[in-house]
Amino acid sequence: MRITINQIKGMKRKGEKITMLTSYDYSTAKIVDEIGIPLILVGDSLGMVVLGYETPIPVTMEIMLHHTKAVVRGAKQAMIVGDMPFMTYHTNVDDALRNAARFIQEAGAQAIKLEGGVTVAEKVRRIVECGIPVMGHIGLTPQSINQMGGFRVQGRSPEAAVKMLKDAQALEEAGAFAVVLETVPAPLATLISQKISIPTIGIGAGVGCDGQVQVINDILGSYTDFVPKHAKQYAHLADVMSTAITEYYNEVKAGTFPTDQQSFSMNESALAGLK
Ligand code: KIV
């Protein structure tokens, strides 16, 4: 049985920190799941860290469904949250509902995430009414990066802080089960976490959030274009991979790979006729 939204909400009530991590493929999701991470986000960040785009904006529903299916196959316990791509929920409530349903029905996710607060509340309400758990996402919302003018801290002015609290409350009121706070000053994120009853999941929002989410490539050090300030590198996988691949390259060139250990033998007599 997979983790449920009631268990996630219960963790906030008990003061138990919630861990969420992104995954985009079967093998990684399997590792993340076996560790016991309760929430796996198939984020549209895959557009940048897997597909090499500069922003998540080019990511489509088909791409997201393809990766979400792989993650669902890899993870047996975690709740899988599918990230709704740019312009798949903005046009109208019906489009939002139809595309949210595809994550559940076609890809096998248990919940969806979408960006925005007050402006998407009506869509959140309708999706939740139809039985699909929704995670909100406010603060820095990468799908609006062109409007925001870059990857910047959000909510620093009094007006912006008030707006962010209202966005969080609108999502809670619309029935979202949790909300991501991205690149938000820590004191504001702490205050929002205290003011709403649903869990806040921070990324660059300080330790006062109810949980944390990170892009897995950032914490493993496998994405080298840039390291966001909010990411701690627990490993340097790009270096590990580079060393291993160099060794492979050198051994193939030198004829020292493969050895007998990686080769298959056959009875000499079977070859006799050919010789
Ligand atoms: O796409 C993503 O990975 C996200 C997280 C950064 C929250 O939205």
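Each ligand, and each atom within it, is numbered from 1 in the order the structure gives. Everything quoted here is computed from the prediction, not taken from an experiment. Scope of the values below: all heavy atoms of this structure, side chains included, with no hydrogens, waters or symmetry mates. The first residue of the sequence shown is numbered 1, and numbering continues consecutively from there.
- Within 6.0 Å of CD in Q105 there are 12 or fewer heavy atoms belonging to other residues, nucleotides or ligands.
- When only non-hydrogen protein atoms are considered, atom 5 (C) of ligand 1 lies nearest to L41 CD2, 3.7 Å.
- Heavy-atom proximity to I203, at under 4.0 Å, picks out these atoms of ligand 1: 6 (C).
- At a cut-off of 3.5 Å, with distance as the only test, no side-chain donor of S242 or D239 sits close to an acceptor on the other residue.
- Geometrically, ligand 1 and E182 share no nitrogen or oxygen pair separated by less than 3.5 Å.
- Of all the atoms in ligand 1, the ones that sit under 4.0 Å from a non-hydrogen atom of G43 are 1 (O), 2 (C), 3 (O).
- The N/O atoms of T22, backbone and side chain alike, include none that comes under 3.5 Å of an N/O atom in ligand 1.
- Among protein heavy atoms, the minimum distance from atom 8 (O) of ligand 1 is reached at K113 NZ, 3.0 Å.
- Under the 4.0 Å criterion applied to side-chain N and carboxylate O atoms, R102 and E62 are assigned as salt-bridge partners.
- Side-chain N/O atoms of D44 and Q143 include a donor and acceptor closer than 3.5 Å.
- Proximity to S45 (heavy-atom distance under 4.0 Å) selects the following atoms of ligand 1: 1 (O), 2 (C), 3 (O).
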task = Just do the side-chain contact (heavy atoms from CB on, under 4.5 Å) check on E115 and F86 with the steps written out, would you?
result = CA-CA 9 Å; E115 296 182 2; F86 180 64; over 6 Å; no
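- For ligand 1, the atoms sitting less than 4.0 Å from at least one non-hydrogen atom of D83 are 1 (O), 2 (C), 8 (O), numbered in the order shown with element in parentheses.
- In the model, Y24 has a side-chain atom that pairs as donor or acceptor with a side-chain atom of T22 under 3.5 Å.
- Residue M20 places no heavy atom under 4.0 Å from ligand 1.
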For Y89 and V120: C-alpha separation, side-chain torsions, deciding distance, then whether side-chain contact (heavy atoms from CB on, under 4.5 Å) applies. CA-CA 8 Å; Y89 54 96; V120 294; 4.2 Å; yes
